[in-house]
Number of protein chains: 2
Amino acid sequence: MARTAGSHSDITGPRVREAALSLFAQHGYAAVSMRQIAKEVGVQAGALYNYTPDKQSLLFDLLRGHMDELLSARAKELVPDTPVAQLEAFSKFHIRFHLERPLSVFISYMELRNLTPENFVTIEELRRKYEGQLETILRDGHEAGAFQVADTKITTLAIIAMLNGVNTWYRSGGRLSLPEVEAIYWDMVRKAVT
Amino acid sequence: MARTAGSHSDITGPRVREAALSLFAQHGYAAVSMRQIAKEVGVQAGALYNYTPDKQSLLFDLLRGHMDELLSARAKELVPDTPVAQLEAFSKFHIRFHLERPLSVFISYMELRNLTPENFVTIEELRRKYEGQLETILRDGHEAGAFQVADTKITTLAIIAMLNGVNTWYRSGGRLSLPEVEAIYWDMVRKAVT
DNA sequence: AGATTAACTGAACACCCGTTCAAAACAAGC
DNA sequence: GCTTGTTTTGAACGGGTGTTCAGTTAATCT
């Protein structure tokens, strides 16, 4: 046997990334072997190397792809003109974006330590860029007297942590709809800073 | 060679657990080998099996030990008589306890997926037991009219997530002291629920 | 001092790891 | 239908994995 019937890189390529994402999220990068990924895709391990130079790149590409999507989706959002409205927009955008891709979110901060140092730096820069947007909203709002925050940097991280928490329990089709979840979290964020 | 000079189980035992904790936190359970742990301790890999039946138990014992400590430390705390004071005590206790043992906290929710199913259930029960205490405070306070929470369960998880976030950035000897951090977070928690 | 117990070594077990590559089989273009 | 290019196999590479255990040495007990 060699090339199999119906095989095509346009199909296998995405399936490799999907399988890697799913398995990394379930068991962790280090616990997943290239042979497991290959089995999920339905090929032999060697075939994976048509789609990635090595296992590390498979992880890195997933994480960088996620951060790129996050930043470009955020850049497409309208920016309201008051700090309160900006914070509301940010909070709801964050929840919506993260609930739409739970696996990517999960590996994006569970697997950071399995990146090589250079790759880690790259991802961290993108993360700081995103968190910086929230910090700017808080600082501007604080200076304009719209928010009362003790420490802008810490408040930024506290809000991000709280919003990220939604991914630990939310399941689509559950008790609460997405707009309801957005409303509950926005209510807590708003009260925490005013 | 065989038994080495000065060797004693009272010394080696704790060192095995410390090495495992440190290495699991740095690289993740799956990425750390028994030989690496042994090297850190200064013994051969076989000697580890005087202290643990297998690698899985090493992880499980660290996690269960952490949860046991958490629950027993919490049980020793005084419980104030008003809901607001109870929430304040809980928030500050949580921050203090978690900042005192960052490595245990870290592996306690990074390595959950590397537990066997039975071990996972055991740890999850302990976690729910702890989170249940916060939920009780919120529910009692809500019924007494002290808090305005849209959803007790979700608010519980949101507060826990926010408080856990402190471990991602706090370094002792940094810009802020422990009491300052406690005060900032308590301020945000209080405002979020009233 | 001699016997007993506790602690550890070092080698071995069977198996899995990421990665490479020549050979083979299929798809696409003419 | 034949050639060219694409995709995959299957075996191999050197090395690492968790775990076991007979044998050896140090500590402890009598």
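Numbered from 1 within each chain, the chains take letters A, B, ... in sequence-line order. The shown structure was predicted, so the numbers you read here are calculated from the model rather than taken from an experiment.
When side chains are defined from C-beta on, B:His66 does not count as touching B:Ile123, because their heavy atoms never get closer than 4.5 Å. Contact check for B:Met110 versus B:Tyr29: no side-chain heavy atoms found under the 4.5 Å cut-off. A heavy-atom distance below 4.5 Å is found between the side chains of A:Leu112 and A:Leu63.
Considering only side-chain N and O atoms, A:Ser33 lies nowhere under 4.0 angstrom from the phosphate OP1 or OP2 of C:dC16. Here A:Ser9 does not reach the OP1 or OP2 of D:dT6: none of its side-chain N or O atoms lies under 4.0 Å away. Under 4.0 angstrom from either OP1 or OP2 of D:dT8 there lies at least one side-chain N or O belonging to A:Thr12.
Rounded to an integer number of Å, the gap from OH of A:Tyr29 to C1' of C:dC17 is 12 Å. Going from atom CD1 of B:Ile37 over to atom P of D:dG18 covers 8 Å, rounded to whole Å. Note: CE (A:Met34) to C1' (C:dC17) measures 11 Å, nearest angstrom. Taking atom CD of residue B:Gln36 and atom P of nucleotide D:dG18, one finds them 8 Å apart after rounding to whole Å. In this structure, CG of B:Leu59 is placed 13 Å from P of D:dG18, rounded to the nearest angstrom. If you take CG of A:Asp10 and P of C:dA28, they are 10 Å apart, rounded to a whole angstrom. In this structure, B:Asn114 atom CG and D:dG18 atom P are separated by 12 Å, rounded to whole Å.
The residue A:Val41 sits apart from the nucleic acid: no heavy atom pair falls under 4.0 Å.
Between the B:Gln56 side chain and the B:Thr116 main chain, a donor and an acceptor come within less than 3.5 Å of each other.
If B:Val32 and B:Ala5 are placed on DNA chain D by their nearest nucleotide, the residue sitting closer to the 5' end is B:Val32. For B:Ala31 and A:Ala45, each mapped to the nucleotide of DNA chain D holding its nearest heavy atom, the one lying further toward the 5' end belongs to A:Ala45.
Contacts with DNA chain D (heavy atom under 4.0 Å) in residues 18-26 of chain A: none are found. The stretch residues 47-58 of chain A touches DNA chain D through A:Ala47, A:Asn50, A:Tyr51, each having a heavy atom under 4.0 angstrom from the strand.
Comparing atom distances between the B:Ser7 side chain and each of C:dA7, D:dT8, C:dT19 picks out C:dA7 as nearest. Side-chain atoms of A:Ala2 lie closest to D:dT9 of the nucleotides D:dT9, D:dT19, C:dT9.
Under 4.0 Å is where a charged nitrogen must lie from a carboxylate oxygen, and between B:Lys55 and B:Glu111 no such pair does. Classification of A:Glu18 and A:Arg15 as a salt-bridged pair fails, no side-chain N sitting under 4.0 Å from a carboxylate O. A salt bridge links B:Glu124 with B:Arg127: the closest approach of a Lys/Arg side-chain nitrogen to an acidic carboxylate oxygen falls below 4.0 angstrom. Looking at B:Lys153 and B:Glu135, a side-chain N of the basic residue comes within less than 4.0 Å of a carboxylate O on the acidic one, giving a salt bridge.
Remark: the B:Arg35 side chain and the D:dG16 base include no donor-acceptor N/O pair separated by less than 3.5 Å. Side chain B:Arg3 to base D:dT24: no donor-acceptor pair is found below 3.5 Å.
Relative orientation of the B:Trp169 and B:Tyr185 rings is parallel, given thresholds of 30° and 60° on the angle between their planes.
With hydrogens and angles left out, the side-chain atoms of B:Asp54 and B:Ser57 include a donor and acceptor closer than 3.5 Å.
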